[in-house]
Amino acid sequence: MGASRRGRPEAPVVTTVPELAALATKLREIRSGEGKGITYAELAERTPWSKSQLQRATSGKTLPSQSLVRAFLLGCGASHGQARAVSELHVRAAVGVARQARMAKASSRVPKPQYVRDRADLSGALRDAWAHAGRPTVRSMAHKAGPWILPHSSAHRILRGHGLPRDLTQYKAFLHACDIPDADLDPWFVAWGKALSPVGLAA
């Protein structure tokens, strides 16, 4: 059995998403340890998953499904303690993958509130801030800001360019939901004042 389990060394775990790499590394450790070096082909015989799917789960390239991970652990004879550790790593990996996806969708166009002159300019700057933040969903924005402060309907209206935040509290909540820190809010407050001034309202 030992000779049949020897082969080419595995490719290094991809570390683009650190949390995903940690999950992949842990699965490899379990296969080598509690799994006693079981091959992916042998593991595939014990699970509903193919050899290539199981290998991808430990590559660090993609997030494996929870059902695949459970089958992987069962096939390796992993302990309950190891299963709990892997479950926590899977949750963190999912967060890391989501973060990476947001970064990939993020616009390189930096919002410039200092150039706001009227309501239309401010509306465009808010949408630029949202795109620069990776286009978060209205649900995630409401979660960050508080659904009572930034309801889905209000976020949708702002993102479609159909209106501005109803007040300064909602405005600040929207900016925070776009990952703009307090230290960078001053030009946004100036822009709010310009947009809602008599001149800005008339534009």
Residues two or more places apart in sequence or in another chain: which of them pass salt bridge (Lys or Arg N to Asp or Glu O under 4.0 Å) with R28? E10
Flag side-chain contact, heavy atom, 4.5 Å: P165 against I158: yes
Please give me the minimum heavy-atom distance between V13 and A24, naming the atom from each residue. CG1-CB, 3.9 Å
Taking every heavy atom of P151 against every heavy atom of Q170, the minimum-distance pair comes out as CD-NE2, 3.8 Å
Flag side-chain contact, heavy atom, 4.5 Å: W130 against P111: no
Measuring only between side-chain heavy atoms, which start at C-beta, is H132 closer than 4.5 Å to V110? yes
Under 3.5 Å, is there a donor-acceptor pair linking the side chains of H176 and D182? yes
Tell me whether the count of non-hydrogen atoms from other residues, nucleotides or ligands lying under 6.0 Å of NE2 in H143 goes above 12. no
Taking atom types as modelled, find out whether Q53 and S50 have a side-chain donor-acceptor pair closer than 3.5 angstrom. yes
When you measure from the side chain of T25 to the backbone N and O of A22, does any donor-acceptor pair fall under 3.5 Å? no
Heavy-atom pair of closest approach, residues R31 and T39: NH1-CA, 4.0 Å
No-hydrogen, no-angle side-chain donor-acceptor test under 3.5 Å, T58 and Y40: yes
Hydrophobic cluster (4.5 angstrom, side-chain heavy atoms) - remaining members for I149: W148
Show your reasoning for whether side chain to side chain contact (heavy atoms under 4.5 Å, CB included) applies to Q66 and H90. CA-CA 8 Å; Q66 291 181 331; H90 192 277; 3.5 Å; yes
Could you tell me which non-hydrogen atom of P136 sits nearest to which non-hydrogen atom of S140, and how far apart they are? CB-OG, 3.5 Å
Is the count of non-hydrogen atoms from other residues, nucleotides or ligands lying under 6.0 Å from F189 atom CZ greater than 12? yes
Quick one: do V14 and L27 end up in the same hydrophobic cluster if we chain Ile, Leu, Val, Met, Phe, Trp and Tyr together by side-chain heavy atoms under 4.5 Å apart? no
Can you list the steps and then say if T16 with Q100 is a side chain to side chain contact (heavy atoms under 4.5 Å, CB included)? CA-CA 9 Å; T16 305; Q100 187 73 10; 3.7 Å; yes
Do we see a donor-acceptor contact under 3.5 Å between the side chains of R119 and S123? no
Min side-chain heavy-atom separation P64-R56 under 4.5 Å: no
How about R139: does its CZ atom have over 12 heavy atoms from other parts shown lying under 6.0 Å from it? no
Test of understanding: clusters of I, L, V, M, F, W, Y form through side-chain heavy atoms closer than 4.5 Å, transitively. Do V91 and L23 belong to the same one? no
So do L122 and Y171 actually touch side chain to side chain, heavy atoms under 4.5 Å? yes
Is it true that L159 and L126 fall in one hydrophobic cluster, defined by side-chain heavy atoms closer than 4.5 Å? yes
Close side-chain approach of R84 to S87, heavy-atom, < 4.5 Å: no
Using a 4.5 Å cut-off on heavy atoms from C-beta on, say whether the side chain of K36 contacts that of C76. no
What is the minimum heavy-atom distance between G60 and L20, and which atoms define it? O-CD2, 3.3 Å
Are the side chains of Q82 and L73 in contact, using a 4.5 Å heavy-atom criterion? no
Does this structure show an ion pair linking K112 with D128, if we count only N-O contacts that are shorter than 4.0 Å? no
Measure across A142 and H152 and return the closest heavy-atom pair with its distance rounded to 0.1 Å. CB-CD2, 3.7 Å
